[in-house]
Number of protein chains: 2
Amino acid sequence: MLCYYISDINPAGPANASVILGAKRMSTTQTMSTLDPLTHDHDQCIARALDEAERLCAQRGVRLTPLRRRVLEEIWQHHEVVKAYDLIHRLSTEDHTVKPPTVYRALEFLLEQGLIHRIESLNGYIGCSHPALAHQCQLLICRGCGQVEELDDPTLSAALQREAESHGFRVDQQIVEVRGLCPHCAPAGADVSAR
Amino acid sequence: MLCYYISDINPAGPANASVILGAKRMSTTQTMSTLDPLTHDHDQCIARALDEAERLCAQRGVRLTPLRRRVLEEIWQHHEVVKAYDLIHRLSTEDHTVKPPTVYRALEFLLEQGLIHRIESLNGYIGCSHPALAHQCQLLICRGCGQVEELDDPTLSAALQREAESHGFRVDQQIVEVRGLCPHCAPAGADVSAR
DNA sequence: GTCAGAAATGTAATAACATAACATTCTGGT
DNA sequence: ACCAGAATGTTATGTTATTACATTTCTGAC
């Protein structure tokens, strides 16, 4: 259960795409560890995420409105962290400026439905790779390419839960974020200074 | 290795002290799990933290300047999360307003020296309970009283590290924050709505 | 169909968090 | 006393997020 793709180059995106300058449009869906950067059909990837979202919202009786769907779609454009104000800019046009509350409300909905994750250490958001089930995930955040791998290791979350409970703590939510370098950026790690 | 005290009531603090209205000044130092809210000498607690900081900085050849010491002291006033702008207000007087960079630079220094932890999910800071050794800690953050228990379970951090590495990820930093209710607030949990 | 209430969205203003850029002061070594 | 580097002061601004209230859209009861 994980998802970690090399996205297309996004000239307007977070300023770190240059690290993976070799990667371009791709063809099949794969999990990270086995992913050939050259073989990922991201259009299909977006489509699957949106279909799944439609399905889950219908099933739950909540409304994936055009706006909410649009925000989710933007978040899935790349496998990189997306900032709220990026979304505001991306959704705005010459004749219509989207205001912060609009985007934050959509994000709130998507978070509630488990369709996206918030990355606390970056004030950003990414699509959830397996939204069908509630879960406590672990996020591996690459400071090289800005991409995020979502892990869902039940052993880890159970261990953390157990440890917290052993101190009498009642757990609502786990926030587990690992910062470092992904397999694609680590080899060139010497070139990737701290960000 | 942990620290979790009931602080004095802080009328100017994060607006959640009412939950522990019964707790007041105390007398001995104890770890959380065994702590009687009525028996914690917080003056001694602050003094120890500052002494330890002085010692470590001297040992490392870095300067715990009056300003930095003052910021650390303010952070240790209570065992609750402290915000940067709280510090700005607390350090400002009628005739001198402390500006954001001043505080942020002091925080940066204290973070570098491992004397405080940043809490990503709250944009806040707390004193580190065992600054002598570099460590990856787990923070238990109570939404009832705003207090934070710092765990340092090497098994957990090693497990997370191992899991990340098994996905080819090179770990720089772990951020592990558990949100929920501490033992003192959990019993009254029904009264403590989400914050 | 239409109407009332709820849900969603729009808008303006501002709060909360953080940094860049440059000036000044302090500190320790010579 | 002088210098270099560290630390702090100051101004301005960038970034992230929320409050409060107006308007529109949707849904279900009739």
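Order of the sequence lines fixes the chain letters, A, B, ..., with proteins taken first and strands second; residue numbering starts at 1 for each chain.
Close to D:dG9, at under 4.0 Å from its OP1 or OP2, lies a side-chain N or O of B:T102.
Between the CZ atom of B:R68 and the C1' atom of D:dA6 there is a distance of 8 Å, given to the nearest Å. Between A:R69 atom CZ and C:dA8 atom P there is a gap of 17 Å when expressed in whole angstrom units. One interatomic measurement links the two molecules: CD1 of A:I88 to P of C:dT9, which rounds to 15 Å at whole-angstrom precision. Look at CG on A:D86: it is 16 Å from P on D:dG14, rounded to the nearest Å. The interatomic distance linking A:E108 (CD) with D:dT16 (P) rounds to 19 Å, in whole Å. Rounded to an integer number of Å, the gap from B:K99 NZ to D:dA12 C1' is 12 Å. When the P atom of C:dT9 is taken as reference, atom CZ of A:R70 falls 14 Å away, rounded to whole Å.
A parallel orientation is assigned to the rings of B:H42 and B:H78, their planes being inclined by less than 30° (bins at 30° and 60°).
Put simply, A:Y104 does not rest on the base of D:dT18: the two rings are not both less than 5.5 Å apart at their centres and under 30° in tilt.
A heavy-atom distance below 4.5 Å is found between the side chains of A:I141 and A:I119. In this structure, A:H135 and A:C128 have side chains that are in contact, with non-hydrogen atoms separated by less than 4.5 Å.
In this structure, A:R105 and B:R105 both approach DNA chain C, and ranking their closest nucleotides by distance from the 5' end singles out A:R105.
Screening B:H79, B:Q138, B:H130 for a side chain to side chain donor-acceptor pair (under 3.5 Å) involving B:E150 leaves a single residue, B:H130.
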